Amino acid sequence: MSETDSPRGRMDVAAVIAAYRRYAGFYDFVFGPAFRWGRRRSVARINTLGVHRLLEVGVGTGLSLPRYRRDIHIVGIDVSRDMLAVAKRRVEEERLANVDLLAEMDGEQLAFVDGAFDAVVAMHVMSVVPDPQRCLAEMQRVCRPGGTILICNHFAAGSEKWLTRRLEPFAKWLGWRPDFALSELLSGSTLDVTTNDPIPPFGLFNLVILRNG
Ligand SMILES: C[S@@+](CC[C@H](N)C(=O)[O-])C[C@H]1O[C@@H](n2cnc3c(N)ncnc32)[C@H](O)[C@@H]1O
């Protein structure tokens, strides 16, 4: 069975860790530019919200970290120790004193108390985690009531099917499911969608803001 051949067409956590062990060394070079718009717009949005305590799930190599306002206290988690090693180097080199913690942790089992954060963000992660609904439920649990959850991700929309088809081999390599829809992520969730905006290039990604209650 290949690493993307799980029953739901997703990688399991061990396969995610193995995959990102391979990608960590060149991730910034390839995916830095490829995901730049989503990352920049997501962080710009967070910076306007008056957030004090922020959790970033699937922080990866920490490309977003230098862009947050320095008065936001950030905790970043990821299952990949190799991706986190790059993020830790970045925090040291750029002297990001507002990054309180970078921890190896599964987004589906967050080791934080309920309501610990004002906002929780996941960029380009929901298509990768083995159980995205469970991850979203955990993000909601650790977000304070009235807080914000921001998801930047590719969601199947129908209008860009030709492009999705072209990206399929690339998506498979990343362990993505290109047919993953926002409605599937939100099925059974009590979160309210505040905004859902397409992101360049070609509106292939969406920036979705959800309000916790
Ligand atoms: C495509 S990368 C995105 C990294 C970063 N957010 C960015 O925008 O560049 C996906 C990241 O999600 C992480 N990830 C996948 N499943 C996870 C899980 N269950 N819990 C935490 N992190 C996870 C991977 O290890 C990887 O670092």
Side-chain angles (χ1 to χ4, degrees), residues 3-4 6 8-46 54-68 74-91 99 101-112 117 119-142 149-155 167 170-178 180 185 199-201 204-208:
E3 59 193 16
T4 55
S6 73
R8 284 173 304 151
R10 288 176 174 275
M11 291 195 253
D12 62 26
V13 172
V16 170
I17 292 169
Y20 282 90
R21 180 172 302 140
R22 293 197 298 274
Y23 305 154
F26 61 87
Y27 184 91
D28 289 3
F29 182 67
V30 177
F31 300 105
F35 295 158
R36 180 192 295 133
W37 290 279
R39 220 179 279 116
R40 288 192 177 179
R41 291 202 185 182
S42 300
V43 174
R45 199 61 180 268
I46 291 288
L54 175 76
L55 172 66
E56 186 174 329
V57 172
V59 66
T61 60
L63 282 164
S64 57
L65 298 175
R67 307 194 79 85
Y68 288 110
I74 303 162
V75 172
I77 68 105
D78 203 290
V79 280
S80 167
R81 186 179 300 177
D82 301 272
M83 295 288 274
L84 283 172
V86 182
K88 285 177 182 168
R89 228 171 20 243
R90 189 187 310 281
V91 166
V99 177
L101 176 69
L102 289 174
E104 196 179 329
M105 196 184 294
D106 187 345
E108 296 177 22
Q109 296 177 62
L110 294 171
F112 304 110
F117 299 95
V120 185
V121 55
M123 293 172 265
H124 316 109
V125 173
M126 283 299 164
S127 292
V128 182
V129 295
D131 188 339
Q133 286 92 352
R134 184 163 164 196
C135 184
L136 184 63
E138 274 294 89
M139 290 169 66
Q140 181 176 10
R141 181 184 66 75
V142 302
I149 292 173
L150 186 152
I151 307 281
C152 181
N153 207 73
H154 169 72
F155 291 112
L167 287 173
F170 181 67
K172 202 172 162 92
W173 183 60
L174 275 174
W176 280 16
R177 256 189 48 200
F180 182 46
L185 175 65
I199 298 280
L204 195 59
F205 294 90
N206 279 58
L207 200 165
V208 181

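Each ligand, and each atom within it, is numbered from 1 in the order the structure gives. Since the structure is predicted, the reported quantities are computational estimates derived from the model, not experimental observations. Hydrogens, waters and symmetry mates play no part in the numbers below; they use all other heavy atoms, side chains included.
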Hey, is ligand 1 close enough to [X] that some N/O pair sits below 3.5 Å?
| X | result |
| --- | --- |
| Met123 | yes |
| Gly58 | yes |
| Tyr20 | no |
| Gly107 | yes |
| His124 | yes |

(request) Answer yes or no: is there a donor N or O on one side and an acceptor on the other, between the side chain of Arg89 and the main chain of Thr61, under 3.5 Å? (result) no

(message) I'd like to know if the side chain of Asn153 and the backbone of Phe155 have a donor-acceptor N/O pair within less than 3.5 Å.
(response) no

(request) Under 4.0 Å, heavy atoms only, figure out whether ligand 1 is touched by the backbone of Tyr27, its side chain, both or neither. (result) side chain

(request) Would you mind telling me if ligand 1 is within reach of the side chain of Val16, the backbone, both or neither, using heavy atoms under 4.0 Å? (result) side chain

(message) If the condition is salt bridge (charged side-chain N to carboxylate O under 4.0 Å, His left out), which residues does Arg90 pass it with, not counting sequence neighbours?
(response) Asp28

(request) Can you figure out which of Val129, Asn153, Ile17 has its heavy atom closest to atom 17 (C) of ligand 1? (result) Val129

(message) Name the residue from Leu102, Val99, Val121 that meets the side-chain contact (heavy atoms from CB on, under 4.5 Å) definition with Val59.
(response) Leu102

(message) Can you tell me which residue among Leu54, Ile74, Val75, Ile149 is in a side-chain contact (heavy atoms from CB on, under 4.5 Å) with Phe117?
(response) Val75

(message) Looking at ligand 1, is there an atom of it that comes within less than 4.0 Å of some heavy atom belonging to Val13?
(response) no

(message) Tell me whether Asp78 reaches ligand 1 (any heavy atom closer than 4.0 angstrom to a ligand atom).
(response) yes

(request) Under the side-chain hydrogen bond (donor to acceptor under 3.5 Å, both in side chains) rule, collect the residues that match up with Glu138, sequence neighbours excluded. (result) Arg141

